[in-house]
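Read the structure below first, then the notes.
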Amino acid sequence: MTRTWKGAVALAVLAAACAGHRSGEGDGPRVADADLGRLAPEQMQPVDDARRYLASARDELARAKLRQQDLTQEAALSKADQEAAEALRHRAEANAKAADASRAPAQVEQARQMQEQAKLAKSAADARADWAAKASAARQAGVRAAEQQVRLGDARVEEAKLRALQAASIPAATKYDAARFQEQVQGAQRAFDDALKKTRDLDGQATASQQRWQDLQKQLQARGTAVPTG
């Protein structure tokens with residue numbers, strides 16, 4: 001994959017993330033553009049700050065989706081490892097039968113070593129498949145957490161708009177229920193915190209699983225036999 005192509009993918013994912021989530025950010029209370037337009041530029045500071053947070057959240061969502069895409073081939077690679085380990089097992093069984101027939105000490109020892117390698121290869125392949133599954137779950141959770149952060153950012157923007165109107169003593173501010181804006185932010189914050197905690201828990205599980213696979217892979221390499229690593 002070239003750097004140019006990667007850049008194009010990143011821009012495409014960012015555009016999709018922004019477009020998709022702007023359309024889904026209007027479920028709660030919102031300040032009308034006409035009312036916001038009553039503010040002078042110097043009175044927009046709280047809104048500008050909140051908008052920067054929202055922009056950062058959208059960027060993180062795009063990155064989370066790219067990280068998820070990075071794992072698209074891992075399931076296929078782990079399956080290839082399992083197939084290679086199964087082929088090694090069949091060869092080990094054939095060697096064991098030949099060794100039983102010949103009873104030659106060297107052949108018997110070779111067959112024993114191959115059977116051990118086959119068992120280790122299967123353990124490593126299974127560990128890789130486990131890591132691929134756990135990593136995929138963690139990346140999916142990361143995308144959901146990023147989506148919740150975008151919703152939180154949008155809620156903060158709307159609350160900041162109302163606070164700016166109130167600070168500027170704009171009469172239109174009185175027609176809004178400030179409690180609803182606060183509840184929207186608080187609810188979005190709780191949802192984001194919960195999603196972030198779940199992501200971190202799943203990341204921890206995936207990291208432990210990856211370490212187990214890598215340890216088994218090193219043991220295979222030390223024996224001079226390893227299933228494909230992709």
Side-chain angles (χ1 to χ4, degrees), residues 1-14 16-17 60-147 195-230:
M1 184 183 294
T2 66
R3 183 177 298 177
T4 300
W5 191 88
K6 282 184 176 180
V9 171
L11 289 175
V13 172
L14 176 59
E60 175 55 31
L61 175 57
R63 288 190 291 269
K65 289 186 174 182
L66 285 175
R67 288 192 292 269
Q68 186 180 32
Q69 287 183 351
D70 287 342
L71 282 174
T72 54
Q73 291 187 341
E74 194 55 43
L77 292 173
S78 63
K79 182 178 179 181
D81 276 10
Q82 290 177 316
E83 291 172 350
E86 181 66 9
L88 182 59
R89 183 182 70 81
H90 286 305
R91 291 198 301 272
E93 288 178 351
N95 277 5
K97 289 180 181 179
D100 285 343
S102 70
R103 304 310 302 168
Q107 193 170 2
V108 170
E109 176 60 19
Q110 183 187 50
R112 184 190 66 79
Q113 291 182 4
M114 183 171 284
Q115 285 180 318
E116 289 181 357
Q117 289 172 343
K119 290 179 181 178
L120 188 56
K122 183 180 187 306
S123 295
D126 290 346
R128 185 174 194 178
D130 181 70
W131 169 67
K134 285 184 168 62
S136 178
R139 298 289 173 85
Q140 290 174 8
V143 170
R144 289 192 290 270
E147 290 172 343
L196 190 59
K197 181 180 183 303
K198 183 175 182 179
T199 299
R200 288 172 175 168
D201 289 345
L202 291 174
D203 274 337
Q205 295 175 25
T207 299
S209 182
Q210 183 183 29
Q211 185 61 57
R212 180 172 181 274
W213 165 56
Q214 291 175 340
D215 290 344
L216 289 167
Q217 191 68 17
K218 288 178 182 178
Q219 293 178 43
L220 276 172
Q221 292 170 347
R223 286 174 173 267
T225 302
V227 294
T229 61

Shortest non-hydrogen contact from [X] to [Y]?
X    : Y    : value
L71  : S136 : CD1-N, 3.7 Å
A124 : W213 : O-CD1, 3.3 Å
A145 : L196 : CB-N, 4.1 Å
A99  : Q107 : CB-O, 3.7 Å

Q.
Tell me if a side-chain donor or acceptor on T207 pairs with a main-chain N or O of D203 at a distance below 3.5 Å.
A. yes
Between S78 (side chain) and A75 (backbone), is there a donor-acceptor pair under 3.5 Å?
yes
About how many Å separate [atom2] of [Y] and [atom1] of [X], when rounded to the nearest 0.5 Å?
X    : Y    : atom1 : atom2 : result
N95  : Q115 : CG    : CD    : 8.5 Å
K122 : D81  : NZ    : CG    : 12.5 Å
S123 : R128 : OG    : CZ    : 15.5 Å
S209 : Q214 : OG    : CD    : 10.0 Å

Before you tell me yes or no, could you show the steps for W131 and E74 under side chain to side chain contact (heavy atoms under 4.5 Å, CB included), namely the whole-Å CA-CA distance, both residues' side-chain angles and the distance that decides it to 0.1 Å?
CA-CA 9 Å; W131 169 67; E74 194 55 43; 3.2 Å; yes
Are E109 and R112 within salt-bridge range, i.e. N to O under 4.0 Å? yes
message = What I want to find out is whether R89 reaches E93 closely enough, with some N-O distance under 4.0 Å, to be called a salt bridge.
response = yes
Is there side-chain contact between [X] and [Y], with at least one heavy-atom pair below 4.5 Å?
X    : Y    : value
Q82  : E86  : no
K198 : D201 : no
E147 : V143 : yes
L202 : Q140 : no

Between D215 and the options K218, Q211, R212, Q219, the side-chain hydrogen bond (donor to acceptor under 3.5 Å, both in side chains) test singles out Q211
Is it true that atom CD of E116 has more than 12 heavy atoms of other residues, nucleotides or ligands lying nearer than 6.0 Å? yes
For this session: Tell me, with the steps shown, if D70 and R139 meet side chain to side chain contact (heavy atoms under 4.5 Å, CB included).
Result: CA-CA 10 Å; D70 287 342; R139 298 289 173 85; 4.2 Å; yes
